[in-house]
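Take a look at the structure set out below.
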Amino acid sequence: MRNIMQFLGIITIFFLTYNLIDVKSQNQTNYVPIDQIFLNCGGPNSTDSDGRKWISDASFSPSTAASAATAATQKPDVPQVPYMTARVSRSNFTYTIPVSPGRVFLRFHFYSAAYDGLTAGEALFSATSGAYTLMKNFSAAQTMEALELTHMVKEFSIHVPAGEESLAVTFAPASDTNSYAFVNGIELVSHPDTYTTASAFAVGQSSGFQIDNATALENVRRLNVGGNAIKPSDDNGLFRSWGDDGDYLFGAAHGDVRRLDPNVMVAAPGNYAAPLVLYTTLRSMGPNLSVNRNFNLTWYFAVDSGFSYLVRLHFCEISGEIYKTNQIVFSIFLNNRTAAAAADVIAWAGGNGVPIHRDFVVFVATGQPQQYLWLDLHPYTASNPQFYDAVLNGLEIFKINDSRGNLGGPNPTRTQLESDVPTSKPPSRNHSAAIGGGVGAGAAALLVVVLVVILVACRRRKTAAGEDEGWLTLSKYGNSPPLFSTTTTTTTGSSLPSGLCRHFSIAEIKAATNDFDEALLLGLGGFGKVYRGEVEIFDGTTTTTTKVAIKRGNPLSQQGVHEFQTEIEMLSKLRHRHLVSLIGFCQEKREMILVYDYMANGTLREHLYNAPSPATLALSWKQRLGICIGAARGLHYLHTGVKHTIIHRDVKTTNILLDEKWVAKVSDFGLSKTGPSVDNTHVSTLVKGSFGYLDPEYYRRQQLTEKSDVYSFGVVLFEVLCGRPPLMRKLPKEQVSLAEWARRCYDEGTLDRITDPCLVGKIAVESFEKFAETAAKCVDEVGVERPSMGDVLWNLEFALQLQESAEEKLLVVDDDFDLSRSIASLDSSGVTSSAVFSQIMNADGR
C-alpha cells in the first residue's frame, strides 16, 4: 500500500509540476532586446517555423563579390529558413549591421551543401569582427561531419563600445587554397550584460578572472541538466538553445532527475540568466547516500586546447525538504582541480526556489588540438551534511578570446572525436575527484585510480620517447626523409619491403590528381581528403595505367603521423583478396599521402543509407550476405592468417569498401594493433575506435582482444540487416544504439520489425534466423561468449546457402512473415538451429 501511495504521489507531483511550470512561464516577462535582427543571407524576407521574421541581407552586405546562392539539396531535418539560401564568395565580403552599444549575441547559421556549382568541401574561411577573430580556417563540411550535424549555429557574445553605431563582420576565404566563404543566416540580438559583471573564480589560481568589455565569448555548450532541450523560441526573448545533458555524462552512474516540488515556488532568475523552466528540474546523485560517497557525478566536454573557458553553473533547490544550510553540501571540480570545496546551494541562494549561478574560469593547456574538460560533483562529508548528495540544474561553457583576440580553433575530425573516447579521467590532484563515475565501493574506486595513473604514466613515457606526438620522421623505414623536409626525394630512399610498397614523389601524385583537383574528390575523412587518380604501374615487363584512391593527410587535423606509420607498416606486409591493397605512399614537402587500389563502388555504408545519389540502388539480401562474407574473410585473415594476430580496432561500414565487382575489402588500418602474445589474453591499451561500434568490455577494461573486432562486426551485421546507422541520437533513448536495440529486439523475437523495408518479403526465414543469431552473438556483452571470426564466417556462409536453397525451392517468405515464433526447424545437417552456433559445436557440421 505504501508503494502505491508513493507512486500516486510521484504522478501527482509530475502533473502539478508541469502545470506550475506553465503558470510560471506565463508570469515571467520576456526580455525585449534593444536590437533584434535576423538576416536571411542570399534569400528574401521570410518567416521561420518559430515565427521569427528573417529579412533579406542585400542591404547589409555592400560587396558585389558576394552572390546569393541556393543549396543544391535539402536534408529532411534542415529548416527552409535560413538554411536553403546563402551568401557565397571566393573573396572577402563584409556585413555592416546597425547596433546600439552593449553586449550582443552574434550567431552564424551554416548548412554544408553544394551552392551553385561550389562543392561543400571547398568552403574554408575565417570570420572577424573588429579586433576579434571569431572563426579561423573554418570548414563547415568537416565540422558537421565530425559532430554528425546536418546544420549548425556558431554563437558569440561581443560588447559594442559606446559611440559605435554598427557592427562589421567580415568573411574571408582561406588565402592559400581555392576556397570560398559562405553564411546562411546571421542573428544579432542584444542581451543583458551578465558576463562583464561576473566575479569568476580562476580554478587553480590564487586570483580571480575579470571578464570585462574587451572580452569576447564563444558558446561551447549550453545544457538544461536533467531536463529536456529548450528551443530558442522558449528562451524569454534571447533565443538561446539549451540541449539536454545526456550525451555528456560519464560512466554508468548518471544519478537521478528531480522535478519541482509543487510546494516550492521558483522565483524568476535575475537578469534573464536563464529561462525559468531550466530551474524546474535538476540532476542529483540519487537516493543511496552510502553509494553517493564513493563516486562522482561527472560530465565531459570536448574543447579546443590553449584557451580559457568560462564555466557557468546554474543552481536552484526545488525540493520542499531541502531548505536549510548544511543539508546538501558538495565539492565542485573542474579538470580535477577544486573549483568550490563546499558548495551549499541554500547558503548561496538564501532558501529553496531561488535561482543562482556561479562562474568559474579554467584554462585548458596546449597539447592535442582538442581535449576534454571535466566537471565533477562529489558530496562534501567534512561538514557532516544531512544528505550526501550533489545537484546541478544547468550549465554553460564559453570559450574566452586569447590575448590576440582570437576565438578560432581547429576543425574537429570524426576519427579524432571517435577514437579519443574518454575511458578514464586524468589523474586527480584531489582524492575525491579521482573516484570513478560508476564505482560503487571504495576498494574498486581505488583500483580505478591506480589503473588510470599507470596508464597515463605509460602514455607520458611514450610521448617522451617521441612515439605519439606531432608529425615525425618515418625512422622505421631507414633513409626515408623527414615529413617536413623541403627537399625533393626519390623512390630510392625507402627501405620498405621490396616490391610491396612504392614511394611516390609529390610530382607523381600531383600529376595523378591534376594537382589535387576538387573535381576528383571522392570524400573527406579524419585523415584528410581522398581523391581519385591514375598512376603508371610497372610490373617488370609492361607499364599500365591504374586507377587509384589517393588519401592526402591534412596537417591541421593532427591525426596523422601515427596512423600514417601504422597504415604503411601493416598494409605493406599484408596481401589478401579482402583487404584493400596499399600501392604506395608519399612523404615529401610536408605531405603525408597514401595510394590505394581504387574501389569503384565506394563504402558499404553508402549502399545501406546516406547514399551520395538518390539513384543508388538498394543491395539485395544475397549481395549483402556476399559483402559480409568477404569482410569476414578479411578479418579472419587478420586474426589467424598472419604470424601475429592483427586487431583492426576500427571495423565499421565506412571501412568496408566495394570494388567494381562488389567484392568487399577491409580498409583503414591506422588504429590497428598487434594482438596479444601466446602468454597473454589481451593487449592493454587506451581505447580507440568509433562511437556505436566500440566493444563495451574493451571500453570498460581497456583490454583489447580480437573479440573487440567481432563486436564491431556484429554492429556492421545489424546495419546491413536494418539499414540504419549505429547511433541515432534523436530517437528514443532505448533505440539510440543499434547494437543494444537490435539485440533487445532479437531477444524479444521482434527483430523483423526493424529490418530494412527494402528486404521485407525477400529473405528466407532460415537465412534470416541464422544471420540474426550470428549478429546477436557477436554483440554479446561478454567477450568470451562471442564467436571467433572463423565461426562468424562459417555461419554467414551457411546463411547464404540457406537463402540460395530457399530461392531454388521458391520458398522466399511473404511480406507478412512472422519471426517471433521460437526457432525449432532443422537445418540441412539435421541439427536443430535453435541451439546457438549448434552446427559449430557438432563436428559433423564442419
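Scope of the values below: all heavy atoms of this structure, side chains included, with no hydrogens, waters or symmetry mates.
A cation-pi contact links R52 to F38, judged by a cut-off of 6.0 Å to the six-membered ring centre and 45° from its axis.
Looking at residues two or more places apart in sequence or on another chain, you find a side chain to side chain contact (heavy atoms under 4.5 Å, CB included) between A181 and F93, F125, F171, P173. With sequence neighbours left out, the side chain to side chain contact (heavy atoms under 4.5 Å, CB included) criterion links S129 to L134, I158, L167, V169. Under the rule for a side-chain hydrogen bond (donor to acceptor under 3.5 Å, both in side chains), the partners of K154 that lie at least two apart in sequence or sit in another chain are E218.
By the 4.5 Å heavy-atom criterion applied to side chains, Y95 and R87 are counted as neighbours. Using a 4.5 Å cut-off on side-chain heavy atoms (C-beta onward), V88 and D116 make no contact. Taking the side chain as every heavy atom from C-beta outward, N514 and Y531 never approach each other to under 4.5 Å. Counting heavy atoms from C-beta outward, I97 and I37 have side chains that approach closer than 4.5 Å. The shortest side-chain heavy-atom distance between P79 and D48 does not fall under the 4.5 Å cut-off. Within the 4.5 Å cutoff, no side-chain heavy atoms of D597 are placed close to those of L657. In this structure, the side chains of Y111 and T73 come closer than 4.5 Å at one or more pairs of heavy atoms. At least one side-chain heavy atom of L579 sits less than 4.5 Å from a side-chain heavy atom of F669.
The two atoms that bring F713 and A631 nearest to each other are CE1-CB, 3.8 Å, heavy atoms only. Closest non-hydrogen pair, S505 versus C586, comes out as C-SG, 3.9 Å. What you find for N178 and E122 is that their closest heavy atoms are O-OE2, 3.9 Å. Here the shortest heavy-atom pairing between A86 and N184 reads CB-ND2, 3.6 Å. Here the closest non-hydrogen pair linking E534 and V548 is N-CG2, 4.2 Å. Closest approach of N137 and A174 over heavy atoms only: OD1-CB, 3.9 Å.
Side-chain N or O atoms of D57 include none that pairs as donor or acceptor with a backbone N or O of C41 at under 3.5 Å. N92 places no side-chain N or O within donor-acceptor distance of the main-chain N or O of A172, the cut-off being under 3.5 Å. Between the H648 side chain and the S667 main chain, a donor and an acceptor come within less than 3.5 Å of each other. Side chain of H109 to backbone of E187: no donor-acceptor contact under 3.5 angstrom is found. The closest donor-acceptor contact from the side chain of Q74 to the backbone of V78 lies under 3.5 Å. The closest donor-acceptor contact from the side chain of H578 to the backbone of A664 lies under 3.5 Å. The backbone N or O of D650 lies less than 3.5 Å from a partner atom in the side chain of N655, making a donor-acceptor pair.
To the nearest 0.5 Å, atom CZ of residue R552 and atom CG of residue L521 are 11.0 Å apart. To the nearest 0.5 Å, atom NE2 of residue H607 and atom CD1 of residue I656 are 12.5 Å apart. One finds the OG1 atom of T119 at 5.5 Å from the CD atom of E518 (value rounded to the nearest 0.5 Å). The distance from atom CG of L118 to atom OG of S89, rounded to the nearest 0.5 Å, is 9.5 Å. With values rounded to the nearest 0.5 angstrom, L407 atom CG is found 6.5 Å from F307 atom CZ. Of the inter-residue distances, the one linking N601 atom CG with D659 atom CG reads 7.5 Å to the nearest 0.5 angstrom.
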Side chain to side chain contact (heavy atoms under 4.5 Å, CB included) assessment of F516 paired with I509:
CA-CA 8 Å; F516 301 108; I509 297 296; 3.7 Å; yes

Side chain to side chain contact (heavy atoms under 4.5 Å, CB included) between F301 and V220, worked out:
CA-CA 9 Å; F301 309 93; V220 177; 5.8 Å; no

Given R502 and E508, is the salt bridge (Lys or Arg N to Asp or Glu O under 4.0 Å) satisfied, shown in steps?
CA-CA 12 Å; R502 173 177 166 186; E508 290 176 299; 2.7 Å; yes

Before giving the answer on side chain to side chain contact (heavy atoms under 4.5 Å, CB included), spell out for N411 and L124 the whole-Å C-alpha distance, their side-chain angles and the decisive distance to 0.1 Å.
CA-CA 10 Å; N411 293 304; L124 185 68; 4.2 Å; yes

Start with the C-alpha distance between D77 and T150, add both sets of side-chain angles, then the distance that settles side-chain hydrogen bond (donor to acceptor under 3.5 Å, both in side chains), and finish with yes or no.
CA-CA 8 Å; D77 61 338; T150 56; 3.3 Å; yes

Using the side chain to side chain contact (heavy atoms under 4.5 Å, CB included) rule, take C758 and R624 through it: C-alpha gap first, then chi angles, then the decisive distance, then the call.
CA-CA 12 Å; C758 298; R624 299 185 196 208; 4.2 Å; yes

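A side chain to side chain contact (heavy atoms under 4.5 Å, CB included) with S112 is found for one member of M152, Q142, M144 and no other, namely M144. For the side chain to side chain donor-acceptor pair (under 3.5 Å) with Y693, the lone residue among E719, K652, R649 that qualifies is E719.
Aromatic rings of F585 and H503 (six-membered ring for Trp) have centroids within the 6.0 Å cut-off, being under it. A centroid separation of 6.0 Å or more is found between the aromatic rings of Y132 and F156.
Aromatic ring orientation, F182 versus Y180: tilted (interplanar angle from 30° to 60°).
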